[in-house]
Structure formats: structure tokens, C-alpha cells
Amino acid sequence: MAKDLGLNAFMENQEVKSVDASKKLRVGIIGCGWIAASHMKAYLAQPDVEIVAACDIIPGKAETFIKGYGLENVKTDYADDVAMLADKSLALDAVSVCTYNRQHAPCAIHALEAGVNVLLEKPFTVTTEEAIEVMRAEKKSGKVLSIGFQPRLDANMQMIKKIVQSGELGQIYYIQTGGGRRRGIPFPFGTTFIEDKTAGLGALADIGCYSLDMVLNAIGYPKPLTVSGYKSAFFGTDPKYSGYVATGHPEYAEKFGVDDFAAAFIRLEGGIIVDFRISWAMNMDTSGDTLILGTKGGLRIPSTECWNGTVGGPMKIYHEVAGSQVATEIPILPQKEPVFNLKIRSFLDACKNGTPAPVPSSQILYNQAILDGIAKSHAAGHEIEIEIPEI
């Protein structure tokens, strides 16, 4: 099986390509929280990038952030992203939007309207309507808009897509996916992840978007049709939650306004069903492996204790060979370059070469519509049709 799937050739395609550093891209950072650090480290690893500006709505935060990397001549004296984007002396080529969820849409739109390429952290937005507005700005600007789904660039994630697209599994008809944490509400980074006014969605957006992308990208992102969704917050709203107690923040229970668990039954075009569940906290070690069932074979993708952008162990294909039921193990592939570096590199290459976004909004719109649909279905108390406006 390894030979049939072309593992050797596949790994050769993972080699890091050389970069032309003769033209440097001028990059700014919007939002200087913890995820911005990952962007910064990846940018600094690129030979053709010059960080020229950073901004944050908290006074002094951008300056402190930049000083932490020992960078000089980086402008940070901006009240917000609008002020930074209005500074034409920066001659920005691109920005990373690293704000909390509810500021993703406005900041991305501001940058696109200013004629700047955008790498937008996940989730795309909070609502489908916001995503549509961002895409309208993208279309009008003609600039690159890529969404921050770096797990796609993991060699094992790419192998999942290769297996599905090879036809090895036949026609896909059912998928079980999700994952999450036994105890892992991300409040140690502050309350922006857990308050509705900043996050809008909780586990759904934080790690649920990744789990959906893993399988939807593999099957070619068919359009979602309906969803019956559920979400809860039993742990996040409990001041006795072990994480709060351990760190002395029981008051965070009052601020918790998003989901810490969600589940859904999703119907896609092509007659494919997705059985989805995700959690920040639950009384279970895992919500199960990811299963992709097809008419010729089934793929089992082992779960991880906490989403880390790859698979939890060797995958297996269950199929028949010469009338016998067999299981073929797919070995874990080594990752030759950190996926975050690859995310940044692929975005920069698209900006420099005028090529399509590595993670296009046209795909992640469907991901966002599902997340939003789960929340709306839960509020309605029944299955709903997923409606996606025209762009």
C-alpha cells in the first residue's frame, strides 16, 4: 500500500523550496496577543520579510511585543488597525490579522480596502454573514486573502486527502470527526477566548474549525446543506471547574459566554453525512477517532488528546483484498518543516507571485457556515438549512 500511495514521491514534494530574498515584503501585525507570537517567529524565519509595523487596541502592547523580538525601526504608535493602514509611509504589502474572533471581519475588510494582502487567523469569522462581507471586500480588492489553517500543511493531513482523492476508499458517504480535550478551556491567555463579546464562539471556532477542515478538505469541500446542532457550557460556567480553581480564577465562570462542547449532524452535497463533536472540556478522554467511510474502504484517523495539528498515530485503511478483509497501516510521515512556517511561506509566495491563496476563503466559507449553522440550530432547537448568500 505504501508504494501504491507513492509515499516516497509524496515526501519529496514536502521539501522546502529556496526563496528569492532580493525583494522583501513589508509586513504588519494587527493584534499582538499570543497567536501573534507564532506569526512573528515564522515571519522572522523568512529571508524575504521585513516587519515594519504592529498595532493593538491596548495602549503600549504593540510596542512591548515588538521590543520582545529586539526589532528596530518598527512603527507601533497606532491606536488601531485603521490608523496603521492609513499610514502610507509603511508601504505595506501584507498583514497578519491576529485579533480576537469578533474583530476578524472588520480588520480583514479594512486591510483589503487599503489594498493590502491578508493572512487571517482562524476562525474565518463568527458568522456566515461576516464571512460574506470579507469575501466581497476580497473580490473588490483583488488581493490575497488566506485563512490560517496550518494543519493542512502537515504531511499526514495531506496524506489523508491523497488517500481520499486516490479513490482508494471509493464513494464517501459517512464521516465521524471531532475531538477535543478532557480539561482544556483556554482562559490562561486571558478572557478573550471565553467571553461572547470577544470570541462569539468557543470550542466550535477554536478547534472545531480544524477538525472540520481536516475532512472537508480531503473530500473537496462539498457545500453544506443542513445541520442539526447542539452546544453547551457546563464546565466553563462552573466556578468549581478544576482549571479555574488551580489558577485562582473562579470569577471567570461569570464571564464565560461561549460553548465548551458542541455536536452536530451535517448533511453535505453528494449525500455525505458528517457526525461531528468537539470539546474544550468533557468527562471523557476522547470523543472518538475520525472515521471516513467509503464504498471500497474505510479510513481510521487516531484522535489526539488535544488538537495539535496532526494525527494521533498511524492511520489504517480497512478494505478487502482478493475477497479477504484486511487492514493496511499508513505510517506516520515526518514533518520536515514546522507547519506554521509553511503557512507563512505559502501566504508570502501567493503575495509575491500573484497565485491563489493557499487556504482560500471560498472553501473556508463552507467551514464557517457549518460552525455558524450549529450555533443557529442550537438556538432554534431543530435542524436548519444552511443558507449562504451570493457574493
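For Arg102 and Asp196, the salt-bridge test passes: some basic side-chain N is under 4.0 Å from an acidic carboxylate O. One finds a salt bridge joining Glu121 and Lys343 here, because a Lys/Arg side-chain nitrogen approaches an Asp/Glu carboxylate oxygen to under 4.0 Å. For Lys352 and Asp48, the salt-bridge test passes: some basic side-chain N is under 4.0 Å from an acidic carboxylate O. Salt bridge present: Asp206 and Arg181 bring a charged side-chain N and a carboxylate O closer than 4.0 Å. A salt bridge links Glu129 to Lys376: at least one charged side-chain nitrogen sits closer than 4.0 Å to a carboxylate oxygen.
With Arg183 contributing its side chain and Met282 its backbone, the two residues share a donor-acceptor pair below 3.5 Å. Within the 3.5 Å criterion, the main-chain N or O of Asp213 finds no donor-acceptor partner in the side chain of Asn217. The backbone N or O of Leu342 lies less than 3.5 Å from no partner atom in the side chain of Glu337, so there is not a single donor-acceptor pair. Remark: the backbone N or O of Asp289 is paired with a side-chain donor or acceptor of Gln176 at under 3.5 angstrom. Between the side chain of Ser377 and the backbone N or O of His382, at least one donor-acceptor pair lies under 3.5 Å. For Glu130 (side chain) and Thr127 (main-chain N/O), a donor-acceptor pair under 3.5 Å exists by modelled atom type. Under a 3.5 Å cut-off, the side chain of Asn101 and the backbone N or O of Gly200 do not form any donor-acceptor pair. Using a distance-only test at 3.5 Å, with no hydrogens or angles considered, no donor-acceptor pair links the side chain of Ser232 to the main chain of Phe234. Put simply, the side chain of Lys24 gets close to the backbone of Pro47: a donor and an acceptor are under 3.5 Å apart.
Other residues, nucleotides and ligands contribute over 12 non-hydrogen atoms within 6.0 Å of the CD atom of Glu320.
No option in Lys61, Glu63, Lys67 other than Glu63 meets the side chain to side chain contact (heavy atoms under 4.5 Å, CB included) test with Thr76.
Taking the six-membered ring where tryptophan is involved, the planes of Tyr252 and His249 are essentially parallel, since the angle between them stays under 30° and well short of 60°.
Annotation: Phe187 is not in aromatic contact with Phe193 [ring centroid separation under 6.0 Å not met].
Between Leu371 and Ala205, the shortest heavy-atom distance links the atoms CD1-CA, 4.2 Å.
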